[in-house]
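All remarks here apply to the structure that follows.
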Amino acid sequence: MSERLLSYGEAIDEAIRQEMARDPSVFMMGEDIVGAAGRPEFWENLGGAYGGNRGLIVDFGPERVIDMPVSEMAFSGAGVGAAMAGARPIVDIMFIDLIGCCYDQLINQAPKIRYMTGGGYDCPVVFKTSYGGRAIPGLPKGGGAGVHHSQTMYSVVAHFPGLKVLTPSTPYNAKGLMTAAIRDNDPVMFLTHRFLGSVRGHVPEEPYTVPIGKADIAREGEDLTMVSIGGALPLCFEAADTLAADGLEAEIVDLQTINPIDEQTVYESVEKTHRLLVVDEDTPVASIGRDVAARVAQNRFGYLDAPVTSLHSADVPVPYSAALEEHMPPTAEKIVAAVNEMLVAF
Amino acid sequence: MSERLLSYGEAIDEAIRQEMARDPSVFMMGEDIVGAAGRPEFWENLGGAYGGNRGLIVDFGPERVIDMPVSEMAFSGAGVGAAMAGARPIVDIMFIDLIGCCYDQLINQAPKIRYMTGGGYDCPVVFKTSYGGRAIPGLPKGGGAGVHHSQTMYSVVAHFPGLKVLTPSTPYNAKGLMTAAIRDNDPVMFLTHRFLGSVRGHVPEEPYTVPIGKADIAREGEDLTMVSIGGALPLCFEAADTLAADGLEAEIVDLQTINPIDEQTVYESVEKTHRLLVVDEDTPVASIGRDVAARVAQNRFGYLDAPVTSLHSADVPVPYSAALEEHMPPTAEKIVAAVNEMLVAF
Amino acid sequence: MPLEIDRDKLLWIYRTMQLIRRFEEKYLELLNSGVPFGTGHLYIGQEAVATGVSAHLRTSDYIGSNHRGHGHCLAKGVDPIAMMAECYGRVTGTNRGRGGSMHITDARLGVLGVNPIIGQSMAHCVGAGMAINLRKGDDVAVSYLGDSAVGCGVFNESINLATIMNAPVIFVCENNQYAVTTPVEYAIAGKIIDRAAAYGIPGVKIDGMDVFAVYEAAGEAVERARGGGGPSFIEALTYRYEGHWIKDDHTKYRTMDEVDKFREQDPIPAFRSRVLAEQSLTAGDLDGIDAEIERLMDEMVEFAEASANPEADELFEHVFAEPVAGGQS
Amino acid sequence: MPLEIDRDKLLWIYRTMQLIRRFEEKYLELLNSGVPFGTGHLYIGQEAVATGVSAHLRTSDYIGSNHRGHGHCLAKGVDPIAMMAECYGRVTGTNRGRGGSMHITDARLGVLGVNPIIGQSMAHCVGAGMAINLRKGDDVAVSYLGDSAVGCGVFNESINLATIMNAPVIFVCENNQYAVTTPVEYAIAGKIIDRAAAYGIPGVKIDGMDVFAVYEAAGEAVERARGGGGPSFIEALTYRYEGHWIKDDHTKYRTMDEVDKFREQDPIPAFRSRVLAEQSLTAGDLDGIDAEIERLMDEMVEFAEASANPEADELFEHVFAEPVAGGQS
Ligand SMILES: Cc1ncc(C[n+]2csc(CCOP(=O)(O)OP(=O)(O)O)c2C)c(N)n1
Ligand SMILES: Cc1ncc(C[n+]2csc(CCOP(=O)(O)OP(=O)(O)O)c2C)c(N)n1
Ligand SMILES: [Mg+2]
Ligand SMILES: [Mg+2]
């Protein structure tokens, strides 16, 4: 395999482009995904108000790369309807904080169609959006993006049976999961982390899929299982390095799909390490992180040598001031501290 | 204390009526909460399309008991705005399955106002809605209410810091929690179970509050802690009776508030009983039930003599056919089976 | 004006209106005799609307419906036998018993679904319209909505989006003058028909009790949409004769005088008198249809009664297309 | 027509427009010099709108604003010093550093909040209007919205609800012709002003670059609302001179010719020429205000620079009014 490097954002774009080339029923819609809607003279330069998609409209035309008005309800619903009518829409919702404007379609419509029709309809729609906070510890103090542009909040979509929810963490799995998502016959929510966009990594050029519903052993270890969710992966690696220096080998299980969860892989790791720490940037209450912890505590209780632990963002709305926000999310230091506490506690 | 009996529904009505009499800034709005809007000649007979509120408009007038158009977004948002402007609105959302139509106001607006304004604004709004399935095991087979009128789903509102979420389980705590909710200066979501409406119990006539954020020891026991959420309480009692016949004394902790949770009461019970079963009618993934289990597994691990367990509705959308739906929710039999499994497992 | 509708179509119209009427009367009768239906909302009185619209539709066209959807589905061709079985919660139903009255679908007929979350199916129809445009087809999507949906957010978003996408969608607003107990004049500011004008699309207000008026307006709208002319809006003034849902007592919020006034405009007898007066059809034609429908009703109930409920282990089926890699708890 | 606005009001208008302009220019200047502001959206070019509207408002009136809210807040009287401190994320800010540019609030001034979820603050204004009616007050609520909000669901729900509640709300749509990069003529079907007419409420389209036109239209609307005449709608045609947000390069989606055309209609020089030509104010009056504002700008930046950031343990404050019984993890 060649060492072709792409950014996380480019990897996703490549998957979309390849699937659009492969299947004429794939199309994409969202606010400002091209920009300058109706003004082709600008399209050469543009590729979405916030980057990405560059040139997509030039290659596939405005019939398949469609800028939307500010109408999340209508166009996420249109995604559902188009999927039922035989197309494969990719619906871009600018950021996860906006799902309150189209939540019914995401949780009451798309996920239930197959079930309530007794398998009568497929609903192959992909909802793509971004999550995660922005305050980077160590940056000069100032402002973050504020509470409505910084949330993680994926737990409230992962709650509903019938919707597959993906949290890719590397360019490689981002491309493979996007390809899988577009080809999937069920509704899929594809969640990118706001911070990972420019992270680079090895990405093969030819189309490939990463299986939905399968966790990835991102690092092997014997002493402790860290379950990482989405944007937590770099933090887990950093913490694992620190712990390794102290002689503690952490196994990192990158969940990749947060519903339905690959319980088996998590259980097998815990059977080996006897310890579990879940790292989840979402706030804790009724979170996917606590969900994983609870499953292990219920189903692999006998294997545990220490309390199952989950580490989250602080249970508060996201404050604007970076001086506050930087204390909110999990960090490598907090992971290390949680591991140490866990080992002492028992 | 007199043995005055009221139904769960009547108890809530009484709290609303007493608080409206006490404080002129309290008002109520929702779809068909009176009925025949604009036609006073009908109001004497009416009290909401689905019962409740009888006579409220006759006593307090259409300025304070206001029928709404089908506009959950606008009127839940109007509740937020009215609360910021000094009123105390009670916003009636017909059933929880509709929150997808106004989710932004419930999770992005109301809960964040105090925090993001640095305490600048109070937001004393009560959102009242109902949850829970309808298929009663043992009834003649036929149809339930279908997937959009049968969900529990409270976990996705309990997720957000800043919103208090209540799940009263008896007429007594329903009245006391509603009174507390109306007087509270924070947004409160008040969730009634669709099945409990006609359950009767002792309710004092004079106004009183039940503290928000406090769990209730509904039954004492030494051998096992059952954490019950909302509509699960009658099932827990039934199961506890069965278990008692086998010599196992379950302590039932009725959570009452599902965010923020009364951890302390749960922990104290588990410290005594060494075993935890959470009974939660919501589906399992990223649920409040698994949240409670995870907290105990993390913070009281050393006390546990058995795997923490949580029992939920099956992880599927709610099917219409009663022949299917009756297998979905937790039942007393399933609780007993889960307890037995838990005891064997370790 | 004399009728310019051919005989087969006239027979189809009568048969469809009568089928809807009799299906629902049967539903009520069964309910009253103790069949444990879940919730349901009756269309009786509004038959002319779905019938007049569907007279222009073909199998590959789509419809999106609201909670009061029996009539929309039957007019689009859904098998009444499978539909009644669905209401019984049987595994032989349109949705294998998982949907019920409020979620009837039929993928082979483009029935995107009866959908009880007010307004949300409007967006599905816009999406179906976009899919049609993408494949350069000339199918259309009909979005049925009640008067209450006019006050919903998704109304604004969907019609706006349909318009700027030039999607072949016909929005059919059945103004039956109530949302549960709430009169439309209380809930909706201004005139419904002016709402459509605001998007710059063609809109027309018609008498929804008159199947010919519906037929004409829908014909124009469907033809326009098929020809690439984009969305349009029809407000059909109509009335439901029964309560909002199967257990609703409508005398609590409206007078029987009002109900009677609209019962006098009943679309089925009106159709009958007109076609007989104009000699387009004979009493024999119509009676023959009635008899045929009665036989169908009997067969339908027999089938539903005889059908099995879903097996308990079906509970976990059809959550996803295929089992997922990691499995589920 | 000659001006019928008294001298004090004219001075207030000039001062307010200039304050907004200079606040924002300072914001840009600071940003370019490396102050780590979070996101923010500049109002430069649109000053006439908030100013002409707020000229009729009193302290107890309410406003609800969108993401482009600096101008709305300053015109309503929010202290620029506290507002800039907020943008810096300081504990001395309007929101103690927790809101930032996109969430400025001021409870003492009825500023319900800058609110970046498009359209949602419209509903808050309807609620404020209902609260005013409940206490039989004669305050009003002004709901500022952009052209994009016209396509949102909450637009339909909020105006409909305000109308049927007869709430004293003035909906001020600032049509600056873009939503991020998307031209209004692409995104909004029909004419914005026709959308208002559909609710049967008074609506007027005005030149939003002309503060006098705004003043007049807003005056009528506010008077109507205070007198119990209910909601109304104003569409102000305007233009933002800068990118959508502080890092947006607007040359990627519009021509500089177009930008220049609107720069020529800049409301501040236009105001200046007119009041000088009509001799309502003198150059000395205006220059005095300019100088005063410059001093304020210096003081503002000094204050923000000197202010402290919130302490780390404030992270957990103000989630609820009081600590909750069971505590939190
Ligand atoms: C979003 C939403 N809000 C509320 C309800 C509860 N509800 C069911 S039917 C109905 C009224 C519908 O009235 P209309 O749209 O006029 O249709 P009709 O029943 O008159 O046919 C309401 C409010 C719902 N199903 N969905
Ligand atoms: C519901 C919602 N969708 C999308 C966005 C992202 N967004 C931020 S500003 C904006 C465009 C706003 O345009 P307009 O309302 O015309 O106001 P302007 O920026 O022109 O002042 C969009 C789409 C958002 N904040 N909220
Ligand atoms: Mg109606
Ligand atoms: Mg704009």
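Considering only heavy-atom pairs separated by less than 4.5 Å from chain B, the leading option among A:C101, A:A294, A:G289 is A:A294. Among the candidates A:A293, A:G162, A:S310, the residue making the largest number of heavy-atom pairs closer than 4.5 Å to chain B is A:S310. Residue with the most contacts toward chain A among B:N108, B:V147, B:V318, B:V157: B:N108 (heavy-atom pairs, distance under 4.5 Å). Between chain A and the options B:M116, B:R300, B:M153, B:H148, the largest number of non-hydrogen pairs under 4.5 Å is found for B:H148. Note on A:A297, A:G146, A:G118: by heavy-atom pairs under 4.5 Å with chain B, the leading option is A:A297. Among B:P317, B:P319, B:G100, the residue making the largest number of heavy-atom pairs under 4.5 Å with chain A is B:P317.
Interface remark: A:Q105 contributes no atoms to any contact with chain B (heavy atom separation under 4.5 Å). Using a 4.5 Å cut-off between heavy atoms, A:M73 touches chain B through its side chain atoms alone. Of the atoms belonging to A:Y320, not a single heavy atom falls under 4.5 Å from chain B.
A donor-acceptor pair under 3.5 Å is absent between the side-chain atoms of A:S321 and the main chain of A:G143, judged by distance alone. For A:D280 (side chain) and A:D282 (main-chain N/O), a donor-acceptor pair under 3.5 Å exists by modelled atom type.
Using a cutoff of 4.0 Å between basic side-chain nitrogens and carboxylate oxygens, B:D223 and B:R275 are not scored as salt-bridged. Between A:R194 and A:D97 there is a salt bridge, with a side-chain nitrogen of the basic residue lying less than 4.0 Å from a carboxylate oxygen of the acidic one.
Residues passing the side-chain hydrogen bond (donor to acceptor under 3.5 Å, both in side chains) test with A:T283, sequence neighbours excluded: B:H159.
Across all their heavy atoms, B:V188 and B:I212 have their closest contact at CG2-CD1, 4.4 Å.
Distance CE/B:M84 to OG1/B:T117: 7.0 Å, rounded to 0.5 Å.
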